[in-house]
Protein chains: 2
Amino acid sequence: MVMSTKKMGREGAASGDTVGDSPIARLCVKHGLKMTGQRRVIARVLSEAEDHPDVEELYRRASELDSRISVATVYRTVRLLEEKGILERRDFGGGRARYEASENGHHYHLIDIDSGNVIEFENDELVGLLAKIAAELGFDLMSHRAELFGRRTAPEKKKDAAPEDGNRSSPTGRA
Amino acid sequence: MVMSTKKMGREGAASGDTVGDSPIARLCVKHGLKMTGQRRVIARVLSEAEDHPDVEELYRRASELDSRISVATVYRTVRLLEEKGILERRDFGGGRARYEASENGHHYHLIDIDSGNVIEFENDELVGLLAKIAAELGFDLMSHRAELFGRRTAPEKKKDAAPEDGNRSSPTGRA
DNA sequence: TTAGGTGCAAACCTTTTGCTCTATT
DNA sequence: AATAGAGCAAAAGGTTTGCACCTAA
């Protein structure tokens, strides 16, 4: 099985015309969205994200690039992009929705239910099995999704690894 | 009086003894939980549920059986049972968590992308593989979900299962 | 008896929204 | 100029919790 960290989104300039736009910003343009400065920044943050940031985290990252952005805008933008199919919303538990660019390629998620960490992986055997199952049911598999929720196996006593995300688990300790 | 893992719809006495308890109530006992009247009722509602009720709905159903139950208790109970692994929380979007007995057997969804029909299926091989994958990553698999999106293979015309729920599942729900 | 459960209502969190002002097209 | 977007803050749900009172074991 291949574990991946996730694709990089290299970036260009932050403002101005379309040439320097991030991949996601370009998608926005393609979808006919009005490109405000805020949207460009948020799009850039999303393009550069290698994890599954929640809104709060997106807001923090966006604010570093442009402090004139409000959370409400992040919420609105993220919602808009999801409707356009540019973003995908995920819920790994913890109460907040997390976002990921649709263009990030196919992979699966294993969520550590204690820490909230998300591990991405690919697995050909899984793909094969799912395709086989679909075939047995009379279907051609077009796409699929699988999410595993697990807890670290006992013996190993690794110290808390750095979260792959900026997201900590739920405020109430709930996974 | 040993019951199978399938659900049973009837209930006996509401007081102390275990004989009339619902399958889930018995699981609670097995887990060493103190069995209050409220918990018995909620357990029964859960055992009888064939859908994925949210807390509000559970509360409504439980209230019909015993009006002395509060929403807070439903929330607390449902959370407790989830931690015990007796219940599984699902999120089909829409903002509220929905619950389902773990004993209902893990099923997966295959969505016909042309018709929107949802076919449920079980597959032990898949469970095994997912558990194996989790193990390889150093985790014990606690729960998981998998959704397949497919298109009917040319000639075959299989009868498809009824949608399992009135709940529309969101593309990015969680398990 | 006593640790733990329950009700009620207030508190909490995340997400949405009304309104006014601003910026993109 | 017209229209969609942004900010701010208040509102809106869903879920949790403090506290005093009960209850199963």
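Keep in mind that this is a model prediction, so the values were computed, not measured. Below, chains carry the letters A, B, ... as their sequence lines are ordered, and counting in each starts from 1.
In this structure, the side chains of Leu126(B) and Leu129(A) come closer than 4.5 Å at one or more pairs of heavy atoms.
We find that CG of Asp21(B) is positioned 13 Å from P of dA24(D), with the value rounded to whole Å. Whole-Å rounding puts the Tyr59(B) OH to dT6(C) P distance at 14 Å. The interatomic distance linking Leu58(B) (CG) with dG14(D) (P) rounds to 14 Å, in whole Å.
A distance-only check finds no donor-acceptor pair linking the side chain of Thr77(B) to the backbone of Arg39(B) [under 3.5 Å]. Judged purely by atom type and a 3.5 angstrom limit, Arg151(A) has no side-chain atom pairing as donor or acceptor with the backbone of Met142(B).
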Counting primed atoms, P, OP1 and OP2 as sugar-phosphate and everything else as base, the B/S/- map of nucleotides 15-25 of chain C against protein heavy atoms under 4.0 Å is BBBB-----BS
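Here Gln38(B) does not reach the OP1 or OP2 of dC22(D): none of its side-chain N or O atoms lies under 4.0 Å away.
A salt bridge links Glu57(B) and Arg61(B); the closest N-O separation between the charged side-chain nitrogens and carboxylate oxygens is under 4.0 Å. Salt-bridge formation is not detected for the pair Arg98(B)/Glu100(B): no Lys NZ or Arg NE/NH1/NH2 atom is positioned less than 4.0 Å from an Asp or Glu carboxylate oxygen.
With 3.5 Å as the limit, one finds a donor-acceptor pair spanning the side chains of Glu120(A) and His52(A).
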